[in-house]
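Report on one structure; see the data block that follows.
Values in this document were obtained by computation on a predicted structure and should not be read as measured data. First the proteins, then the strands, lettered A, B, ... as listed; each starts at 1.
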2 protein chains.
Amino acid sequence: MTANDLTSSDPAMAASAEATDRPRRRGREERQRAHAPTAAFEQPRLRMQPVPAVSEDELEAIHEASLIILEEIGIDFLHEGAKQLVKAAGADVDPNSNRVRFDRGLVTSMIGLAPRSFTLHARNPARSLKIGGDHVAFCAVASAPNAADRAGGRRPGNMVDYESLIRLGHSLDQVHLWGGYPVEPADIHASIRHLDALFAMLTLSDKPIHAYSLGTERNLDGLEMTRIARGISKEQLELEPSVFTIINSSSPLRLDGPMLEGIIRMATANQVVVLTPFTLAGAMAPVTIAGAVAQQNAEALAGLVVAQTVRPGSPFVYGGFTSNVDMKSGAPAFGTPEYMKSALLGGQLARRYGLPYRSSNACAANTVDAQAAYESVFSLWGAIMGGVNLLMHGAGWMEGGLHASFEKMVLDADLLGMVAEFLKPVKVDPEELALEAIREVGPGGHFFGCAHTQSRYRTAFFSPMISDWRNYETWREAGSPTAYDKAEALYREKLAAYTPPPIDPAVREELEAFVARRKAEGGAPTDY
Amino acid sequence: MTANDLTSSDPAMAASAEATDRPRRRGREERQRAHAPTAAFEQPRLRMQPVPAVSEDELEAIHEASLIILEEIGIDFLHEGAKQLVKAAGADVDPNSNRVRFDRGLVTSMIGLAPRSFTLHARNPARSLKIGGDHVAFCAVASAPNAADRAGGRRPGNMVDYESLIRLGHSLDQVHLWGGYPVEPADIHASIRHLDALFAMLTLSDKPIHAYSLGTERNLDGLEMTRIARGISKEQLELEPSVFTIINSSSPLRLDGPMLEGIIRMATANQVVVLTPFTLAGAMAPVTIAGAVAQQNAEALAGLVVAQTVRPGSPFVYGGFTSNVDMKSGAPAFGTPEYMKSALLGGQLARRYGLPYRSSNACAANTVDAQAAYESVFSLWGAIMGGVNLLMHGAGWMEGGLHASFEKMVLDADLLGMVAEFLKPVKVDPEELALEAIREVGPGGHFFGCAHTQSRYRTAFFSPMISDWRNYETWREAGSPTAYDKAEALYREKLAAYTPPPIDPAVREELEAFVARRKAEGGAPTDY
């Protein structure tokens, strides 16, 4: 398979592929309805207006600063093909270095081409997601080098924990999709790790997936495995975004080879590029929020130029991940006031460009304590009020991303459930205003027994998985459990109750055969 | 002293009192400057637009439902004087019951009389606060029947813990004022408890205070002790709101005698009434949010009518405390999605009426774990995005208000500090946009050493008291401390470092003499 195979968009071919696929797809869809997600899987909608961090004038000043950065300072592109691509589009490419400078006209001509909203297809159609507009999608933790649970402690990422985290995340309705490997299965050789990891993700779960941009082979294998899992043709895949990739710039102002390759491969195939500069203020970005976000924005716009040059209209998500470091130690911090403000500001810029917005549920805590919870909820506050569409690291992220926690995954799932409930609009109609109930109960009465309460109480309120609302005495008699204790018990229950989603045996065989063939070919070559 | 003494507002008397007071006040102010609060005491401002929970039409539907409740169903007033007062103002008072019905014209005529914003004076002028507009003030926990710290466990409220919590709260700059007794000093007989408690509050701290509305004597003693502590005349006190009272309705639709007496006494003296219905949806209010808030709103408006009838223009704060119960057990829940939505909605109604808004930092957790933190931050999210002006229970509230925690008080203070920092606007100007620093560092560099960072790094970011940002290995070598551990150590440090604020010896003597005299008189009579 070559990149050229993926760029074909002959409508006749696509139509014929669709016709061929139809009977097979229908059978699969019927089977999958039996394994349909519950109502809790429903995507939250942002009906509230997002909260701006700065005035319109100030936003334009940041936009303008980013254009100046792109025009005068430039970005280093560590990829010859990408340099030639943007040069042909009108960028100024320094022949003696990797520096690329972008005329403001070139940059602004790329704004408005990518869709405001698109569907990200899952192999189970009931789990396909809308990305953008007022839709929100929650990812599980991604890319942690270590895994941890309370009993087993913290250990290097491995395939057993990887698969367990996939099973756990799959069983949590609050987790809508995979944002990468929840933990790096580092015991599998890097050349074939992506094959085993994606195979597990696509078979142990039926939620939408992410493929890493770590070299051409991994991109192409990710695209092909997505296609096989969905049981569709290449042409159909190109019509239906079904996999996304996170592109991190190497801040400040640099895009590495594999990242640029990833943008090119994914945009060519009309799959989703999520461009997220990781701009830690005071380290890889200026120590001021406005400066760090101006740099973040320049880097994101440079990625947008590449993606939209490759394929105008390909789906592109604006990612913000500006936080601050602890200036005493240089340690990164998350869920801080600066993080929250940057999250609001990132969302405001994404809306300025008409792009879906990615933010994260981050924390720096080492254990599932009050700090883990308050940093996470502060992160969610910034993300949600910033108008997030794609929430990365929604469930399980600890220690600034250095470990994925089983207990935190279920605790976060509970937080995500609460956020989703918070986002449901308050209904105001005569039934909800309950004047008749108030009249019936009257001054000094109580509402426990009235018909209005009786007909609603079972479903009236959100029912959390972990929060302990028992009175103090009962709680103490039960052994004074903390939220950590309850999360520990809950994650074990959920894992024990896991059942794999159905998969067409032919699809599974095709995936297995593909993995076997690619392993025989050596996978993605490494130099170790 | 009679209520009549307090209603005098002869401007000549007031002016003369001010002239008399001036030299004495000036001396005190000079001494107090030496004990000035740090910058961290600065009141946060709400520069972001509050987030509405419903549309304007829906808001009007809730307002309309409240007017119907007041007009057709009515409120029970358990206070003869209050009944006569509102009857004279045009309310329909049932001669055979306690039921009072309010014509919508009467209710709407009271809207707009109370100030949108006012100053709440402290005995230390540097600690006086703006209540309303875009100002936010954070109270300590109030009215908990039990106190707890980790080492000592949970115990009934007592004077030793009361004084310790006052000392701790005084030493925390994030706590701006007292919202009542942080814990009930139940080992002091109820007849004289208010005298000892207010004496301790006014001498161990110099932040603004609250006095309970639990009968005429307690109101009058609170007013007089506030006056003495401030070293001003009765007339001056009447010009300068210096004490507030929380008025809780006995939901549904009832205002008890002491509460109505409290409104009358405090409004007469031009002091601050904070009317807060405690409308738990599914118990004392309808099981629906719109219904519970419509009832909350009717109760708050009934209180507004009383206060503004007593004294048009007297300071009045709109309080919202609608949450839900756990429908399985009937236990109250806090920091829930329903709580957050109600907090947004309460703020929207307060703005509709041009009144300052009171909300709370609440949680139902029994221990200082992840649940305590996430419920608290969700409560803060609802309060802040709802446009809160007076945040009750800001620091130390646990277990649905049933205990005040020393560790939670410092942990919450850290959360309040983060919220205050979040509310500081993002600065956008050439210095903050840092284009020169970005140019200097360039692609692939780092910002640690550049001049822009070096001149700012010491104060660039919020520095939390509790969050542990050390790397995992260092943290584990330090004994894997949790936030609870760190809060425990911190509260002990803060208590050990406490120094009492200065007080004019003459003022202290006058307070002591007043307390002694009132104790000799029997304090506030009780029947036990």
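For the options A:Leu344, A:Thr367, A:Leu423, A:Val426, heavy-atom pairs under 4.5 Å to chain B are most numerous at A:Val426. Contact tally against chain B (heavy-atom pairs below 4.5 Å) for A:Asn98, A:Leu380, A:Val441: the top residue is A:Leu380. Put simply, of A:Ala53, A:Pro50, A:Pro52, A:Ala65, the one with the most heavy-atom pairs under 4.5 Å next to chain B is A:Ala65. If you tally non-hydrogen atom pairs under 4.5 Å between each of A:Leu59, A:Ile384, A:Leu280 and chain B, the highest count goes to A:Ile384. Among A:Ala331, A:Ala333, A:Ala437, the residue with the largest count of heavy-atom pairs under 4.5 Å with chain B is A:Ala333. In terms of heavy-atom pairs under 4.5 angstrom with chain B, the leader among A:Lys341, A:Lys424, A:Glu421, A:His446 is A:Lys341.
Distance alone, capped at 3.5 Å, is enough to place a donor-acceptor pair between the B:Lys486 side chain and the B:Ile466 backbone. At least one donor-acceptor pair under 3.5 Å links the side chain of B:Trp475 to the backbone N or O of B:Pro481. No side-chain donor-acceptor contact under 3.5 Å links B:Asp414 to the backbone of B:Leu411.
Neither the backbone nor the side chain of A:Ala372 comes within less than 4.5 Å of any heavy atom of chain B. A:Arg99 touches chain B through its side chain: at least one heavy atom from C-beta onward sits under 4.5 Å away, while N, CA, C and O do not. For a residue to count as touching a neighbouring chain, one of its non-hydrogen atoms must lie under 4.5 Å from one of that chain's; by this rule A:Leu402 does not touch chain B. Only the side chain of A:Leu345 comes within less than 4.5 Å of a heavy atom of chain B; its backbone N, CA, C and O stay farther away. Contacts between A:Glu375 and chain B at a heavy-atom distance below 4.5 Å involve the side chain alone, from C-beta outward. Within the 4.5 angstrom heavy-atom criterion, only side-chain atoms of A:Thr336, from C-beta onward, approach chain B. For B:Glu58, the parts sitting under 4.5 Å from any heavy atom of chain A are the backbone and the side chain alike. There is no contact between B:Tyr484 and chain A, counting heavy-atom distances below 4.5 Å. Only the side chain of A:Glu473 comes within contact range of chain B, with at least one heavy atom under 4.5 Å from a heavy atom of that chain. Proximity to chain A is limited to the backbone of B:Met284, based on heavy atoms less than 4.5 angstrom apart. With a 4.5 Å cut-off on non-hydrogen atoms, B:Asp57 does not touch chain A at all. Using a 4.5 Å cut-off between heavy atoms, A:Ser463 contacts chain B through its side chain alone, with no backbone atom that close. Both the backbone and the side chain of A:Ala281 come within less than 4.5 Å of a heavy atom of chain B. Proximity to chain A (any heavy atom under 4.5 Å) is restricted, for B:Ile68, to the side chain, taken from C-beta onward.
Ring planes of B:Trp381 and A:Trp381: parallel class, angle under 30° (limits at 30 and 60°).
Residues B:Gly282 and A:Phe448 come closest through the heavy atom pair O-CD2, 3.4 Å. Here the closest non-hydrogen pair linking A:Val54 and B:Val428 is CG1-CG2, 3.9 Å.
Under the side chain to side chain donor-acceptor pair (under 3.5 Å) rule, A:Ser249 has a single partner from A:Gln296, A:Gln295, A:Glu299, A:Arg254, which is A:Glu299.
In summary, A:Glu399 and B:Arg470 do not engage in a salt bridge, as defined by a charged side-chain N under 4.0 Å from a carboxylate O.
In terms of the salt bridge (charged side-chain N to carboxylate O under 4.0 Å, His left out) criterion, residue partners of A:Arg439 (sequence neighbours excluded) are, by chain and number, A:Glu436, B:Glu72. Residues forming a ring-ring contact (aromatic ring centres under 6.0 Å, His included) with B:Phe461 (at least two apart in sequence, or on another chain): none.
Annotation: B:Gln49, atom CD; neighbour count of heavy atoms from other residues, nucleotides and ligands within 6.0 Å does not exceed 12.
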